[in-house]
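Atoms within each ligand, like the ligands themselves, are counted from 1 in listed order. Sequential numbering from 1 along the given sequence is applied to the chain's residues.
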Amino acid sequence: MKIGILDSGVGGLSVLREVHRLLPGVPIHYVGDSAWCPYGNKAPEMINNRVFEITDHLIEGGATLIMIACNSATIHSVGPLRNAYLLPIVGMEPGVKPAAETTKSGVVGVLATEASIAGEKFHQLVNNHARGVKVITRPCPRFVELVEAGTLNGPEAEKAISESITPLLDADADVLVLGCTHYPFLSPVIKSQLPAEVSLIDTGVAVAKRVKNLLPGELPATGETEIFIETTGSLEHLDEILPKLLPGITAKTAFCLL
Ligand code: DGL
């Protein structure tokens with residue numbers, strides 16, 4: 001068994017980290033499409049093409065389950081992908097449902113990419129699970145740039161975060177949803193700017209549990225687990241920022257031309 005994980009870049013490593021925590025004995029093959037990042041401002045057809053190409057590559061590499069660790073790619077491609085492949089495909093969507101269940105003020109802020117917010121699937125999510133709740137969306141493309149650069153804290157990150165969340169807090173949101181897998185890497189700084197009564201929702205742990213439930217049979221015992229991380233962008237840059245993104249996790253890395 002091998003879990004194939006994909007994202008537009010390094011954001012999905014926030015999901016890899018949760019999957020590895022829960023399934024330390026299971027090999028993981030990750031592809032970060034940093035050469036095409038961000039997906040957030042791309043057309044759905046383009047996102048689809050990339051997701052199919054990367055999925056083929058992961059399957060050729062032996063993946064037995066595909067985790068789309070990208071909300072934008074899930075919103076546009078999970079349906080077509082499930083129609084095209086027989087292996088289990090796990091996607092992730094902004095945590096609108098848990099947010100609607102948690103809010104006391106009746107106002108929820110969803111931080112997500114433009115591509116996610118524009119998707120039909122996102123509108124269905126809001127209509128089905130957040131009736132009677134005011135859902136304010138906010139794209140944060142700067143967060144993706146910061147995380148891709150490996151800038152997880154400091155004045156630049158603080159400024160970008162404050163600019164994005166202040167309007168949501170001013171609108172009385174008491175729950176913020178991290179609707180893009182890059183954003184959890186900024187959680188410590190985001191949390192430091194939130195009043196105590198405002199909560200932050202990240203679906204990384206929930207999707208890792210979903211992956212665990214879908215793996216068949218006995219899970220391999222913990223031991224030497226192979227974590228292989230490929231990038232379509234600069235390998236040198238990936239190697240430089242990886243210790244910040246995945247402290248304590250050893251991975252083999254490579255460039256991949258797709
Ligand atoms: N990490 C991605 C997501 O969860 C997309 C970020 C981007 O490439 O714009 O939506």
ask   = Roughly how far, to the nearest 0.5 Å, is CG of L23 from NZ of K209?
value = 12.0 Å

task = With atom 10 (O) of ligand 1 as the reference point, say which of G32, C37, S72, S34 has the nearest heavy atom.
result = S72

ask   = Is it the side chain, the backbone, both or neither of D7 that has a heavy atom closer than 4.0 Å to ligand 1?
value = side chain

task = Report yes if some heavy atom in the side chain of T113 is under 4.5 Å from a heavy atom in the side chain of N71; otherwise report no.
result = no

request  = Flag Y39 as yes when one of its N or O atoms lies below 3.5 Å from any N or O atom of ligand 1, and as no otherwise.
outcome  = yes

key: Polar proximity ligand 1 side, G40 side, N/O cut 3.5 Å exclusive   = yes

remark   = Short version for N71: what comes under 4.0 Å of ligand 1, heavy atoms counted, is both

request  = To the nearest 0.5 angstrom, please state how far the CD1 atom of I190 sits from the CZ atom of F185.
outcome  = 12.0 Å

request  = Output yes when K104 and D174 qualify as a salt bridge under the 4.0 Å nitrogen-oxygen rule, no when they do not.
outcome  = no

ask   = How close do K42 and W36 get, heavy atom to heavy atom, and via which atoms?
value = NZ-O, 3.3 Å

task = Output the distance between atom CG (L65) and atom CD1 (I28), rounded to the nearest 0.5 Å.
result = 10.5 Å

Residue T113 vicinity, atoms of ligand 1 by number, heavy atom under 4.0 Å = 5 (C), 6 (C), 9 (O), 10 (O)

ask   = Considering only heavy atoms from C-beta outward, does the side chain of H182 approach that of D7 to under 4.5 Å?
value = yes

task = Give the atoms of ligand 1, by number and element, whose distance to some non-hydrogen atom of H182 is under 4.0 Å.
result = 1 (N), 2 (C), 6 (C)

query = Judging by distance only, is a nitrogen or oxygen of S8 under 3.5 angstrom from one on ligand 1?
reply = yes

G11 near ligand 1 by a heavy-atom separation under 4.0 Å = no

